[in-house]
Amino acid sequence: MVDIEELKSKFLNTEFDTKDFILDAAKLQIVAKQCGEQLPMYCDTSHPDFQALPSYIASLAAGRHLPIDFPRLGGIPMDGGKAVTCHAPVKPNVKLTGKTHLHDIYDKQGRSGRMLFMVSRMEIYDEAGTHLASSDSRMVVREKPAQ
Amino acid sequence: MSTINTVADVEFGVELATMTPDTSLDAVRPFAEAVGWGGGRFDDHEKAKKEGLPGALVPGIMAMGFLTSIIHRWAPVAKVTTIDTVFRAPLIADEICLVNAVVTDIDEDTGVVELDLTVKNERDETRVFGTASVSLPLSA
């Protein structure tokens, strides 16, 4: 059985990935429109406060969600959910940096065995180092039964 | 439903007007391409079935977008500060889904309102659920 506390002590809160982005206003507009959004600040690229919806911010965290040396715990991790916390507008056409760390590891006992949850958090900063938003990706994997 | 301009306009327990978003492949495809997730599982039912899926999927983060939209329709002045969604089961493209939210907490001192969120299919099965924390003006 995987020792959650050992995983936490080894992997939590250590940055393991950094990515730079420049968001495309047209893509932000498409995402807003297809989600049924109506507010001009998300739909109109000429709006002075035009910015990304939380769902677009969540998409930035796609890619490597776990440290390269994180152990294989069972099957392929499934996408268990996403969370976004907004501190300031995330705007297009400016350089952004996403820094990712493992934020939490926990388990739940289900009917079919123990499920393990890993939450990776990407913190998004602008060039001035202002923390604009955080995007959490919750991955879930069914623990491999003991042999 | 009354217009929400400040936190004082919000009633505890109120259910927001249900939204029935466009989940057609023609809506899902451009969303998936815009976020860089193009591929069969989001734009073609047959290709998705070959991957073992029940049909082409509506991306979970698109459902998150439906949920922020329903909040903005209810209160255009609201700022969604946190939204947390659990992808419980796949949401299938071209199937009707119902997006709902209910007010579960109001802090009149800070203007912060909490909502419970659900996305269900026509069979009343929950596909996505979650919570949001939104910030509203204290006064007009």
Side-chain angles (χ1 to χ4, degrees), chain A residues 19 21 23-43 49 51-63 76-90 92 103-104 108 110 115 117 119 121 132-140, chain B residues 19-38 41-42 57-90 93 97 99 117 119 127-135:
Chain A
K19 281 192 218 175
F21 311 98
L23 307 188
D24 179 340
K27 290 181 177 174
L28 304 192
Q29 185 182 43
I30 290 168
V31 163
K33 181 181 168 212
Q34 302 309 331
C35 290
E37 185 58 59
Q38 296 176 330
L39 291 184
M41 65 196 294
Y42 301 106
C43 300
D49 204 24
Q51 60 187 270
L53 270 181
S55 54
Y56 194 93
I57 296 169
S59 78
L60 299 176
I76 297 168
M78 294 175 290
D79 188 354
K82 297 268 193 286
V84 175
T85 299
C86 304
H87 304 296
V90 175
H103 174 69
D104 198 9
K108 285 185 182 177
M115 307 294 284
F117 294 79
V119 180
R121 172 168 293 177
L132 305 177
S134 294
S135 174
D136 289 358
S137 300
R138 189 181 301 110
M139 290 151 286
V140 55
Chain B
M19 179 174 137
T20 309
D22 183 357
T23 61
S24 69
L25 286 176
D26 286 343
V28 171
R29 187 179 298 117
F31 178 97
E33 287 173 359
V35 298
W37 295 5
R41 64 171 49 192
F42 298 117
L57 304 178
V58 176
I61 58 169
M62 189 169 180
M64 178 190 272
F66 299 156
L67 290 162
T68 51
S69 293
I70 192 178
I71 294 168
H72 291 148
R73 288 176 186 211
W74 165 69
V77 294
K79 290 188 190 310
V80 176
T81 50
T82 300
I83 180 163
D84 188 350
T85 49
V86 175
F87 304 152
R88 183 178 183 189
C97 77
V99 180
L117 314 167
V119 180
R127 316 317 273 169
V128 177
F129 65 93
T131 57
S133 180
V134 309
S135 180

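Most heavy-atom pairs under 4.5 Å with chain A, from the set B/Arg88, B/Met62, B/Glu33, B/His72: that is B/His72. For the options A/Gln34, A/Lys33, A/Lys27, heavy-atom pairs under 4.5 Å to chain B are most numerous at A/Gln34. Chain B forms more heavy-atom pairs under 4.5 Å with one residue of A/Ala58, A/Gly80, A/Ala26 than with any other, namely A/Gly80. Your options are A/Asp136, A/Val31, A/Ile30, A/Leu53, and the one with the most heavy-atom pairs under 4.5 Å with chain B is A/Val31. Considering only heavy-atom pairs separated by less than 4.5 Å from chain B, the leading option among A/Gln29, A/Glu37, A/Met41 is A/Glu37. Of the residues considered (B/Asp26, B/Thr68, B/Val86, B/Thr81), B/Thr81 shows the highest number of contacts with chain A, using heavy-atom pairs under 4.5 Å.
The pair A/Arg138-A/Asp104 does not count as a salt bridge, with every side-chain nitrogen at least 4.0 angstrom from each carboxylate oxygen.
Within the 4.5 Å cutoff, side-chain heavy atoms of A/Leu60 are placed close to those of A/Leu23. With contacts defined as side-chain heavy-atom distances shorter than 4.5 Å, the pair B/Thr131/B/Leu117 does not qualify.
Qualifying salt bridge (charged side-chain N to carboxylate O under 4.0 Å, His left out) partners for B/Arg127, counting only residues two or more places apart in sequence or in other chains: B/Glu125. A search for ring-ring contact (aromatic ring centres under 6.0 Å, His included) contacts involving B/Phe42 returns nothing, not counting sequence neighbours.
In this structure, A/Tyr42 and A/Ala32 approach most closely via the heavy-atom pair O-CB, 3.2 Å.
For chain A, no part of B/Pro21 is nearby; none of its heavy atoms comes within less than 4.5 Å. Contacts between A/Gln38 and chain B at a heavy-atom distance below 4.5 Å involve the side chain alone, from C-beta outward.
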